[in-house]
Amino acid sequence: MLEVRKISKTFLPGTVNEKKALDRVSFSAHDGEFITVIGSNGAGKSTLFGAIAGSFPVDSGKIMLDGDDITRMPEYNRSRFFGRLFQDPMAGTAPGLTIEENLSLVLLQGRKGASAFSRIGRGDREMFREKLAELGMGLEDRLKQPVGLLSGGQRQALTLLLATLYPPKLLMLDEHTAALDPESASRIMKLTESIVRDSGITCIMITHNMQQAVDTGDRTFIMSGGRIIADISGEERRNMGVAELTELFRRSAGGDYANDRMLLAEEL
Amino acid sequence: MERIIRTALELGFGYAPVALALFLSFRVLDIADLATDGCFVLGAAVSVRMAAAGHPVLGMLLAIPAGMLVGIVSAELQTRLGIPSILAGIIVNTALYSVNLMVMGWRSNVNLIKEDSVFTLFKKVFHSPWSDLVMLAVFPLFIALFLRAFMSTRLGLSVRATGDNPVMVRASSIDTSAMIRTGLLMSSAMTALSGAAIGQYQKTVDINSGTGVVVIALACLIIGETVLGRRSVGKGIAGAVIGSIIYRFIYAFVFYTQLVPVQCLKLLTSAIVAAAIAIPHLREERASAAVTDVEEEEDA
């Protein structure tokens with residue numbers, strides 16, 4: 001279980017560019033829960049992920065994972081608990097390494113008892129092929145090709161596979177389909193849902209797509225001004241359509257809403 | 001003629017570990033390690049000084065940890081102290097000038113006159129004019145095989161990914177600083193070992209004998225890539241060794257034909273390296289300029 005307690009983060013404090021990105025944010029995510037997060041640009045959504053992942057230190061507050069305080073743990077140490085996908089499909093893979101080498105790196109890194117000089121075996125390669133076949137993108141026959149040659153959708157699918165090769169305690173998806181063409185986006189979304197459901201991973205997904213926000217998962221946060229201003233779940237959420245969520249968002253986010261690209265998403 | 005070919009091969013293999021070191025630091029880790037020149041002399045100084053004192057084998061062996069030390073210092077300056085990698089290399093290189101003089105007993109050169117080197121020792125058991133070549137070829141071939149195997153290990157993959165996409169590497173619970181340290185430690189050890197071999201082979205070390213080694217090694221790397229391509233790690237490694245040998249043949253050719261004055265060879269080498277690195281960049285720029293042109297036409 002992830003518990004976030006009153007975390008705050010101000011960037012560039014004391015300057016004209018001072019920006020309060022997180023303002024006493026608190027919530028807890030139960031094991032297996034799938035939370036979607038919406039909010040206008042600058043609401044603090046990505047900053048929240050950065051704080052949880054340890055990309056920067058928070059100013060105050062606590063982050064607990066399964067009862068352990070990880071607030072001060074360095075990023076590369078805590079990242080083994082997390083899987084994280086970004087909007088940029090290039091972010092999650094090493095382009096100069098082959099598909100097999102990307103998978104090997106993650107597999108060996110997480111393998112118990114693997115030494116610095118461990119290498120993958122034949123069985124591992126077979127497992128890679130099976131997992132890649134499940135993505136349905138024909139990548140299973142391209143193990144020896146550099147990842148830099150893949151399309152954005154293929155790279156994002158591979159990133160998803162890398163992030164869940166060992167089911168993480170928390171999967172953070174930061175608009176991971178936003179930069180893809182509509183077809184790839186819906187395919188990646190389907191893959192995400194099936195992988196998350198099958199392995200029971202706790203997942204938080206940031207999205208700008210209202211439809212996605214209500215259709216996916218079992219809980220929705222609305223963020224504004226560095227705070228979670230609405231937390232919708234259960235009966236209330238089941239009865240909610242895009243129109244209701246949009247209305248709620250409009251009311252709660254106030255003036256931010258008008259000049260936001262959320263308007264575009266609404267029309268889709 | 002045979003002697004010319006043999007000498008070119010000897011120097012090609014002798015300097016090949018520096019090209020392999022550059023393959024690791026420059027191509028894999030994306031760090032231009034400018035401490036290479038000084039590190040090469042350090043290896044030579046340790047090796048020749050020890051040989052002069054009657055311990056040629058120990059001299060070769062000690063050059064390896066000496067090089068590793070240089071790699072660790074360069075890496076710490078970059079990762080822990082936040083000094084940009086190019087500047088860190090220059091700082092270490094400058095410091096090494098004093099260190100190298102110190103290793104050489106505050107003299108600017110050390111020569112082996114009657115003292116044994118690993119080459120004279122080897123010649124006693126392997127009577128052949130090719131014995132030096134065999135000895136010199138052992139090091140790069142061993143290093144190349146080791147590197148090839150290393151690159152697909154967990155550590156090797158981590159080092160490679162660090163040069164490729166550090167964000168992804170950190171997200172995979174890998175400390176990128178430790179990977180830079182590992183890579184530079186290995187590359188510097190190779191450079192120093194090359195210096196150690198060349199020093200004993202030429203029976204001399206001079207404080208300035210490292211000048212231009214890094215640029216020459218880059219040229220070798222680029223020649224190798226031109227011949228074999230850059231597609232795979234195996235080709236990159238083989239290319240470094242082959243490029244180093246081709247470079248020495250070009251050198252021998254220029255030396256004996258006087259096509260270009262030998263004094264101008266460093267100028268020529270630098271021009272080749274600059275051009276080889278610039279051409280892909282210029283090609284890319286031209287391609288993107290062409291794209292803009294098309295867009296402008298469409299707008300009009």
Side-chain angles (χ1 to χ4, degrees), chain A residues 49-50 53-55 73-86 88-98 100-111 113-121 124-125 144-149 155 158-159 162-163 165-166 168 171-172 174, chain B residues 23-31 68 79-80 82 143 145-186 221 225 229-237 239 280 284:
Chain A
F49 277 5
S55 307
M73 193 185 273
E75 181 179 21
Y76 65 85
N77 267 340
R78 65 171 109 169
S79 57
R80 72 194 132 106
F81 307 127
F82 304 126
R84 199 172 172 196
L85 264 71
F86 298 90
D88 177 7
M90 309 300 157
T93 46
L97 272 59
T98 64
E100 180 180 300
E101 286 167 341
N102 271 275
L103 284 159
S104 305
L105 177 63
V106 173
L107 183 78
L108 292 171
Q109 186 58 24
R111 175 170 281 172
S115 81
F117 298 102
S118 296
R119 306 164 71 165
I120 60 157
D124 297 325
R125 198 164 291 135
K144 300 286 183 196
Q145 285 189 15
V147 167
L149 297 179
R155 275 185 83 164
L158 180 62
T159 309
L162 291 173
L165 200 58
Y166 296 98
L171 182 64
M172 292 181 270
D174 192 345
Chain B
F23 171 74
L24 184 58
S25 60
F26 187 67
R27 276 291 176 243
V28 172
L29 272 178
D30 202 17
I31 290 172
M68 288 178 169
T79 56
R80 218 177 290 266
I143 292 170
L145 289 176
F146 170 79
L147 260 188
R148 180 75 194 87
F150 174 77
M151 288 302 189
S152 56
T153 63
R154 187 180 91 174
L155 188 60
L157 288 168
S158 307
V159 170
R160 289 169 61 197
T162 297
D164 210 19
N165 185 352
V167 177
M168 178 251 188
V169 172
R170 275 191 291 272
S172 314
S173 324
I174 298 163
D175 180 359
T176 47
S177 302
M179 293 310 115
I180 290 174
R181 219 176 301 140
T182 307
L184 288 185
L185 179 135
M186 286 173 58
L221 205 58
E225 283 167 358
R230 280 177 70 173
R231 283 258 67 92
S232 72
V233 179
K235 279 184 178 165
I237 292 171
E284 215 165 83

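Proteins come first, then strands; the chains are lettered A, B, ... in the order of their sequence lines, and each starts at number 1.
- Among residues two or more places apart in sequence or in another chain, the side-chain hydrogen bond (donor to acceptor under 3.5 Å, both in side chains) test is passed with A:S79 by B:S173.
- We find the CG-CZ distance between A:L105 and B:R160 to be 9.5 Å, quoted to the nearest 0.5 Å.
- In this structure, the portions of A:R80 lying under 4.5 Å from any heavy atom of chain B include both its backbone and its side chain.
- The contact between A:S115 and chain B is made entirely by backbone atoms, counting heavy-atom distances below 4.5 Å.
- Heavy-atom pairs under 4.5 Å with chain B peak, among A:E75, A:Q109, A:K144, at A:Q109.
- In plain terms, the two heavy atoms of A:L97 and B:D164 that are nearest each other are N-OD2, 3.4 Å.
- Ranked by non-hydrogen atom pairs under 4.5 Å with chain B, the options A:L162, A:N77, A:T93 are led by A:T93.
- With a 4.5 angstrom heavy-atom cutoff, A:P146 touches chain B only via side-chain atoms.
- Minimum heavy-atom separation, B:T153 to A:F117: CG2-O, 3.5 Å.
- With sequence neighbours left out, A:D124 forms a salt bridge (Lys or Arg N to Asp or Glu O under 4.0 Å) with A:R111.
- Contact annotation for A:A91: only backbone heavy atoms (N, CA, C, O) come within less than 4.5 Å of a heavy atom of chain B.
- B:R27 is linked by a salt bridge (Lys or Arg N to Asp or Glu O under 4.0 Å) to B:E225, counting only residues two or more places apart in sequence or in another chain.
- In this structure, the portion of B:A171 lying under 4.5 Å from any heavy atom of chain A is its backbone and not its side chain.
- Nearest heavy atom pair, residue A:P95 against residue B:N165, reads CD-CB, 4.2 Å.
- Proximity to chain A among residues 174-186 of chain B is limited to B:I174, B:D175, judged by heavy-atom separations below 4.5 angstrom.
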